[in-house]
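Numbers for residues simply follow the sequence, beginning at 1. Keep in mind the model is a prediction, meaning the values are calculated, not measured.
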Amino acid sequence: MFRLLTRSVKPIFLLAFSSCLFDSGADRVVDDYEVAWIDVHEQRALYKGEELVPPYVFEVGHDSKYIFAKQHPLMPNSIDVLDKSVVNYYIIERTRTVYQDKPKYGPLTKEEFEKKCTELKIADVVFDLKYPSNF
């Protein structure tokens, strides 16, 4: 009887367990910085041990001193609807520590971003990681 019961419980357990699994993905930018998402692509954010730039990050670049990111914010009370009318820019000074302990600038408008790049003597910003904004 016990053997019959355990055979019938296994498929139910496996079905319940598999429904708890989620989809995710991550791309390394440089060092410990990565762009990652869990469950839905619209949750793509920039991390270094903690979230540095909230979803939705759609372009990322870096040089020897900084990480650069472009972001469309999510609509209020949404986990998957982007506000494509807004583009926020971020500049993050790279660090070798586990968590971000150097300055992070943003969200910035394009004009503020360009001004901050001039202040920080950042010459050429290249966004070499690009992600779709149309799902």
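In terms of the side chain to side chain contact (heavy atoms under 4.5 Å, CB included) criterion, N77 has no residue partners (sequence neighbours excluded). Residues passing the salt bridge (charged side-chain N to carboxylate O under 4.0 Å, His left out) test with D32, sequence neighbours excluded: K48.
For the atom pair K104 NZ and I67 CD1, the distance stands at 13.0 Å (nearest 0.5 Å). Atoms CG and CZ, from L129 and R28 in turn, are 11.0 Å apart once rounded to the nearest 0.5 Å. If you take CG on D80 and NE2 on H41, they are separated by 12.0 Å, rounding to the nearest 0.5 Å. Once rounded to the nearest 0.5 Å, the distance linking CZ of R96 with CG of D31 reads 4.5 Å. Interatomic distance, N134 CG to L82 CG, rounded to the nearest 0.5 Å: 9.0 Å. To the nearest 0.5 angstrom, D23 atom CG is 8.0 Å from D39 atom CG.
For the pair W37 and Q43, the tightest heavy-atom approach, listed with the atom from each and the gap, is CB-C, 4.0 Å. Closest of all the heavy-atom pairs between I91 and I122 is CG2-CD1, 4.1 Å. Counting all heavy atoms, side chain and backbone alike, V30 lies closest to R94 at CG2-NH2, 3.4 Å. Summarising the geometry of V125 relative to C117, their closest heavy-atom pair is CG2-SG, 3.9 Å, with the distance given to 0.1 Å.
For residues 58-68, the set of pairs meeting the side chain to side chain donor-acceptor pair (under 3.5 Å) definition, not counting sequence neighbours, comprises E59-K70. Within the structure, salt bridge (charged side-chain N to carboxylate O under 4.0 Å, His left out) contacts touching residues 113-124 (residues at least two apart or in different chains) are K116-E119. Annotation: ring pair (Phe, Tyr, Trp, His ring centres under 6.0 Å) contacts involving residues 81-121, sequence neighbours excluded, comprise Y89-F113.
Between F58 and Y56, the ring planes lie parallel to each other; the angle is under 30°, not in the 30° to 60° tilted range.
For the pair D83/M75, a side-chain contact is recorded, criterion being any heavy-atom separation below 4.5 Å from C-beta on. In this structure, the side chains of K102 and T97 stay at 4.5 Å or more apart for every pair of heavy atoms. Side-chain contact between V60 and Y33: absent, with no pair of heavy atoms (C-beta onward) separated by less than 4.5 Å.
Judged by distance alone, with hydrogens and angles left aside, the side-chain atoms of E112 form a donor-acceptor pair with the main-chain N or O of T109 at under 3.5 Å. In this structure, the side chain of Q71 engages the main chain of P54 through a donor-acceptor pair within 3.5 Å.
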Criterion side chain to side chain contact (heavy atoms under 4.5 Å, CB included) on H72 and V87, from CA distance to verdict = CA-CA 5 Å; H72 289 306; V87 176; 3.6 Å; yes

Apply the test side chain to side chain contact (heavy atoms under 4.5 Å, CB included) to residues E42 and V81: give CA-CA distance (whole Å), side-chain angles for both, the deciding distance (0.1 Å), then the verdict.
-> CA-CA 7 Å; E42 292 85 350; V81 179; over 6 Å; no

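Cluster annotation: F68 and Y47 are assigned to distinct hydrophobic clusters (Ile/Leu/Val/Met/Phe/Trp/Tyr, side-chain heavy-atom contacts under 4.5 Å, transitive). Both L120 and F127 sit in one connected hydrophobic cluster of ILVMFWY residues. Membership requires side-chain heavy atoms under 4.5 Å apart, directly or through other members. In this structure, L74 is not a member of the same hydrophobic cluster as V40, with clusters built from ILVMFWY side-chain heavy atoms closer than 4.5 Å.
When hydrophobic residues (I, L, V, M, F, W, Y) are linked wherever their side-chain heavy atoms come within less than 4.5 Å, V86 remains an isolated member.
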